[in-house]
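A quick write-up on the structure given underneath.
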Amino acid sequence: MFFAIPDLEREPIQFSVALPPKAIDFGGEAEQVGDLTSEGRAEVLHEHRGPKEIVPDIRLKGSLRGTFEAPCARCVEPVRNEVAGDFDLLFRPSGVDAEGSEHSISTPETEIGYYEKDGLALEDVLREQVLLSLPARSLCQPDCKGLCPRCGQNRNEVACSCEQGPDDPRWEALSGLGSRIKH
Ligand SMILES: [Zn+2]
Ligand SMILES: [Zn+2]
């Protein structure tokens, strides 16, 4: 869904969408399960920066909800994450806050985004909001035992027999040291 400035100038747009998986490319970091739903309102806010300079900002306020799967950081089994939240965002035309601009206004309490050319794609906003909401590192359970570094089996499911043996030369050096101290 694209919010074009001329349309928003006419009147604010109420939106309610249900996007199926693959409608948004999450770049392999997370897989969408079922529809991603979002509803809210887009409008133009005119930012008066001087007697002649009026900047058309887009304000996007709404909510989103969806389910995502990402591989567990230790055992790579898929982990489900429910994403649900509200957003209230402001987008300026790109280039308007270019470096050296005399009229650059800093609003530290608001996170400012930028839109290209003549409007804003809802999908781009939702992609960013979802990626911000997902944990940086997913674990299937807090004490996931991960994959065995020697045989590659999932140690949450099987107790493989190679668990006792050292699998790293550094451990071998340490165990050698241990036995020397003992003797
Ligand atoms: Zn795991
Ligand atoms: Zn093993």
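Counting convention: from 1, in listed order, for ligands and their atoms alike. Just so it is clear, the values below take in all heavy atoms, side chains as well, and ignore hydrogens, waters and symmetry mates. Note that the structure is predicted; figures quoted are calculated from it, not measured.
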Given the options Arg59, Gln129, Glu128, Leu89 meets side chain to side chain contact (heavy atoms under 4.5 Å, CB included) only with Gln129
Keeping to distances under 2.8 Å, can you name the protein N/O/S atoms close to the Zn ion (ligand 1)? Cys72 SG, Cys75 SG, Cys140 SG, Cys144 SG
Using the Zn ion (ligand 2) as the apex, give the angle to atoms SG (Cys160) and SG (Cys162), rounded to 10 degrees. 110°
Contacts of Phe87 meeting ring-ring contact (aromatic ring centres under 6.0 Å, His included) (sequence neighbours excluded), chain-then-number -> none
How would you list, by chain and number, every residue that makes a ring-ring contact (aromatic ring centres under 6.0 Å, His included) with Phe15, sequence neighbours excluded? Phe3
Between the side chains of Arg155 and Glu157, is the shortest nitrogen-to-carboxylate-oxygen separation below 4.0 Å, so that they form an ion pair? no
Set of side-chain hydrogen bond (donor to acceptor under 3.5 Å, both in side chains) partners for Thr67, sequence neighbours left out: Glu82
Please evaluate residues Glu47 and Arg92 with respect to the criterion salt bridge (charged side-chain N to carboxylate O under 4.0 Å, His left out), reporting the C-alpha separation (whole Å), side-chain torsions for both, the decisive distance (0.1 Å), and the verdict. CA-CA 9 Å; Glu47 199 181 321; Arg92 287 193 177 133; 3.0 Å; yes
